[in-house]
Amino acid sequence: MRVFNFAAGPATLPLPVLEQASREMTDWQGSGMSVMEISHRSKAFVAVVEQAEQDLRELMRIPSNYKVLFLQGGATGQFTAIPLNLSAPGAVVDYLNTGTWSQKAITEARRYCTVNVVADEAASRYSTVPAAGSWTVSPGATYVHYTPNETIGGVEFNYVPDTGSVPLVADMSSTILSRPIDVSRFGLIYAGAQKNIGPSGLVLVIVREDLLGRARPQTPPIWDYAVMAREGSMLNTPPTFGIYIAGLIFEWLKREGGLEVIGERNRRKAALLYDFIDASGYYRSPVARNARSWMNVPFTIPDPALEKMFCSEALAAGLANLEGHRLVGGMRASIYNAMPLQGVEALIAFMRDFQQRHR
Ligand SMILES: *Cc1c(COP(=O)(O)O)cnc(C)c1O
């Protein structure tokens with residue numbers, strides 16, 4: 001029996017995609033082989049990559065002056081690849097610190113650049129985002145990096161920072177494809193796949209063409225955007241199965257009606273859950289109202305000693321992986337694109353029942 005899986009990542013995938021992959025597992029497109037067993041340079045597989053890119057471009061309305069790269073090493077690899085590709089030694093770069101993932105990106109960038117942390121939400125214990133206009137880009141900054149959605153803290157920007165002519169770099173790992181965005185506002189967008197794109201092992205980079213060709217000489221070629229753009233993301237063997245599944249997910253998103261429809265569905269799912277939490281008089285969201293994530297919803301109960309019981313009873317009711325991150329405790333429901341409204345409704349019904357029994 002399938003459960004509703006609220007894991008933060010690797011996360012739930014759309015059932016129709018899993019079913020299609022399962023049907024095609026041993027004999028893909030009449031080849032007598034699985035897609036994992038064919039050459040990445042074969043015509044058939046190159047067509048998979050090209051279709052996936054085309055569908056993604058359509059879904060996100062990616063302008064033609066942006067490259068789409070399918071890379072490896074996760075979003076964590078990009079913490080290194082970004083300073084190496086976009087900055088010269090000694091460059092000044094700006095980072096916004098809104099939680100765990102921005103901190104990891106900052107730590108890595110400090111190995112290569114002078115990092116200015118231009119906004120830091122420590123005072124709110126990372127339950128807020130900096131207000132637009134409350135911070136400014138440093139003079140001479142090479143780029144500005146931020147994390148639109150902090151997966152662990154459940155904190156999300158409700159605006160796209162305006163950095164003028166300084167390229168804006170965004171770690172969209174846990175928010176990409178969750179709603180329409182204006183790609184032209186960004187110099188570079190990156191996202192590990194295992195939240196809203198597909199299986200782990202794949203990281204997506206969308207980069208404006210004028211930012212290519214500035215990599216430092218010691219940049220590993222597999223992370224050099226210009227090299228990978230020239231090679232169609234196939235300097236070496238790419239994660240073929242991950243790209244195939246991502247392609248099926250892009251097709252699924254198109255069938256569902258695209259990002260406008262998905263975005264509206266995500267907005268409703270999140271509103272339903274937050275409204276229930278706020279009205280319950282029992283559960284609590286630790287995140288400021290104007291910074292609440294549509295994708296990752298942390299919440300607490302009055303008696304932390306009951307958290308274990310909450311999660312195990314939820315699992316028995318078919319609601320899996322509601323434990324909060326080990327760094328912050330409490331509970332967390334990740335409700336990515338593939339989590340249906342019925343999953344959120346089932347969670348709320350369980351939460352209501354638990355509250356009645358334990359208040
Ligand atoms: C999951 C996550 C990462 C790390 O991704 P890996 O693919 O494991 O390197 C980085 N940033 C954000 C916002 C994430 O959610």
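For ligands, and for the atoms within them, numbers begin at 1 and follow the listed sequence. Numbers here are sequence positions counted from 1.
- Checked against the 6.0 Å centroid threshold, Phe310 and Phe354 count as a close aromatic pair.
- Annotation for ligand 1: atoms under 4.0 Å from non-hydrogen atoms of Thr76 are 4 (C), 6 (P), 9 (O).
- Residue Gln194 places a heavy atom less than 4.0 Å from ligand 1.
- Side chains of Thr98 and Glu121: no donor on one and acceptor on the other come within 3.5 Å.
- When each of Thr151, Asn149, Thr175 is paired with Asn296, the side chain to side chain donor-acceptor pair (under 3.5 Å) condition holds for Asn149 and for no other.
- Minimum heavy-atom separation, Met339 to Asn5: CE-O, 3.2 Å.
- Here the protein heavy atom with the shortest distance to atom 10 (C) of ligand 1 is Trp101 CE3, 3.3 Å.
- Counting heavy atoms closer than 4.0 Å to ligand 1, residue Lys195 contributes side-chain atoms (C-beta onward) but none from N, CA, C or O.
- Between Pro167 and Leu211, the shortest heavy-atom contact is CG-CD2, 3.8 Å.
- Residue contacts with ligand 1, taken as heavy atom pairs separated by less than 4.0 Å, involve Thr151 solely via side-chain atoms from C-beta onward.
- Looking at Arg292 and Ile277, their side chains never come closer than 4.5 Å, going by heavy atoms from C-beta outward.
- Donor-acceptor pairing under 3.5 Å is recorded for the side chains of Tyr95 and Tyr143.
- Protein heavy atom nearest atom 11 (N) of ligand 1, with residue, atom name and distance: Asp171 OD2, 2.6 Å.
- Those atoms of ligand 1 that come under 4.0 Å of a heavy atom in Ala75, given as number and element, are 3 (C), 4 (C), 5 (O), 6 (P), 7 (O), 9 (O), 10 (C).
- Neither the backbone nor the side chain of Lys104 has any atom closer than 4.0 Å to an atom of ligand 1 (non-hydrogen atoms only).
- Residue Gly74 has at least one heavy-atom neighbour below 4.0 Å for each of these atoms of ligand 1: 7 (O), 9 (O).
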